[in-house]
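What follows is one structure encoded as structure tokens, with my remarks underneath.
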Amino acid sequence: MPKFRRAGLFRLAVLVIPALLMSPLTGRAQRLPTESSGAMVASASRLASEAGLEILRRGGNAVDASIATGLALTVTYPRAGNIGGGGFMVIRHADGRAIVIDFRERAPSGATPDMYLDASGTVVPGRSTHGYLAAGVPGTIAGFALALEKHGSGKVSWAEVVEPARRLAAEGFPMTQGLARDLRGSERLLASFPESRRVFLRNGALPKVGERWVQADLGQTFARLQKEGPREFYEGETARLIAEDMARHGGLITSADLRAYRALERPVLRGTYRGHEILTMPPPSSGGIALLQMLAMLEPHDVASLGHNSAAKIHLFAEVMRRAFRDRAEFLGDPDFVTVPTAGLIDPAYARGLMTSFSPERATPSEGLSAGRPAGLVATSPPTGHPASPPAGSAETTHYSVIDAAGNAVSTTYTLNGLFGNGVTVTGTGFLLNNEMDDFTSKVGVKNMFGLLQGPANAIAPGKRPLSSMTPTIVVKDNKPFVITGSPGGPTIINTTLLIITHVIDHGMSATQAVDAPRFHHQWMPDSIDCEPFLTSRDTQRLLESKGHRLTNRKLYPNDPEAAARSWGDGETILIDPQTGRRLGANDLRSPDSAAIGY
Ligand code: GLY
């Protein structure tokens, strides 16, 4: 064969073989995770991930970096990043010690169980979600300060971890696509509070993508926190501004409430799944208990052989989700106020007992499904009622994952609850407040903004923490961190976290495959499987319907600019290759500004 023909055939092979490997016959090409050999930060904002890396480069550990990223998210991702809300941090030190920092918001001292009801006992729409009355006492600054003091490297100071956020706020950054979209999308909420209209909508002159976005008041708030220390938020000028704004607008949070706020260390909740150790969030989140219950219910089943997103697998998972959410509604609340039978609920034998009513052929109707009877149970009146609609879309929280070169791992989920919280910017401070009070039971049998039915265990009381679904989690394999994950999304958080973990462990997916895969969600009530676009084929859906499931398909339109609104979750995840130790980061493409970066 002439030389030029051989060269031509070689060139053809070079072009065609990779194309065949990516053809529909062999599956879609997958995006690669971000790789690093040392540290990595994955968050909903590239600038906030960079803030964490900046602290790591100065010698800080994963805890120090997590604080810097969390503070920076307040500036670059105000829909959920916050100092006016609260959340949870699961920390695993490289030497194996693990702990949780609980900085969940607390109900103000003036809160009462019926504060969201009118005189006839009916829930007043919007009272627990919009405006001053919806806010719990913020915990983020106290939580970050406690984490830094007890688990930081000691090599970077409070002022240093605050600095990237202060700089981003005071000097500004180019308006991002995601932030511009968020501000536009929440114009109505933000416009209903004059300070939010001034700060976040520039009184109607929203900047275009790429224009510099400066937040002078927020920069000043961070400068005060740097100078005076974290208690400034609770006892200094910032506390005064919060309390005065509350008093002017009929809110409940007082100077005394702020002064009394303390973040807590709690023991991490531990479980196992197919030889992996699961470190996750105990009450006042329901997330960890539900996650461990679901994993225990799945363990006797060969999930891998059911096949990814087969009807049999989605059916099994929906049944497992249904049962865990039934228990959530009945038993869970703030453990400092009610007895939560945690050990009984996560006992694998108990979880397996919940599945005795499982049939591979038929869906178990949620109506009439009774909760189990875990050991240590204190009976409450179960919630009743049957909300017909799936969970509302605006579920705003954010999750980020961090690992440092030494192997310290931190999984943080924190929140304002709704998108831009209660819509209120505290006058003169530049930050938004949460509407976390809606996570309490406003009235037994009436769904909250997530369509969740909750019980008396989660009733409102002064100083109490509302029940959460946040599920920051670290999966450990052979005594080393393996997966750091979690998600926003109200109740969908728990199921998104479950899916990411099982995608990796059962199906052997890469970090990016596990995060990218379309999600589904069942929360007992309403009795339907909520499906992200492209979850399954129509014939798979018909098989599920033939088992008795109702499916709610999120719509997706061609070239839909708001596609993210029809998806849910933002599972910023890091997987650590057990063989090489390389960090493999997967930012979640549902969040346009997200980034996993490392060095
Ligand atoms: N605010 C959402 C959650 O904590 O579950």
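The structure displayed is predicted, hence computed values, not measured ones. When a ligand or atom number is given, it counts from 1 through the structure's own listing order.
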Would you mind listing each N/O atom of ligand 1 next to any protein N/O under 3.5 Å, plus the distance?
from: ligand 1; atom 1: 1 (N); to: Asn417; atom 2: OD1; distance (Å): 2.6
from: ligand 1; atom 1: 1 (N); to: Glu436; atom 2: OE2; distance (Å): 2.6
from: ligand 1; atom 1: 1 (N); to: Asp439; atom 2: OD2; distance (Å): 2.7
from: ligand 1; atom 1: 4 (O); to: Arg104; atom 2: NH1; distance (Å): 3.0
from: ligand 1; atom 1: 4 (O); to: Arg104; atom 2: NH2; distance (Å): 3.3
from: ligand 1; atom 1: 4 (O); to: Asp439; atom 2: OD2; distance (Å): 3.3
from: ligand 1; atom 1: 4 (O); to: Ser468; atom 2: OG; distance (Å): 2.6
from: ligand 1; atom 1: 5 (O); to: Ser468; atom 2: OG; distance (Å): 3.4
from: ligand 1; atom 1: 5 (O); to: Ser469; atom 2: N; distance (Å): 2.7

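His522 and Asp527 share a donor-acceptor pair across their side chains, judged by distance under 3.5 Å alone. In the model, His130 has no side-chain atom that pairs as donor or acceptor with a side-chain atom of Asn422 under 3.5 Å.
Screening residues 430-439 for salt bridge (Lys or Arg N to Asp or Glu O under 4.0 Å) gives Arg104-Glu436, Arg104-Asp439 as the qualifying pairs, with residues at least two apart or on separate chains.
The residues Asp334 and Lys464 are annotated as not salt-bridged, no charged nitrogen and carboxylate oxygen being separated by less than 4.0 angstrom.
Atoms CD1 and OG, on Ile474 and Ser401 in that order, are 8.0 Å from each other to the nearest 0.5 Å. Rounded to the nearest 0.5 Å, atoms CZ (Arg550) and CD1 (Ile529) are 10.5 Å apart.
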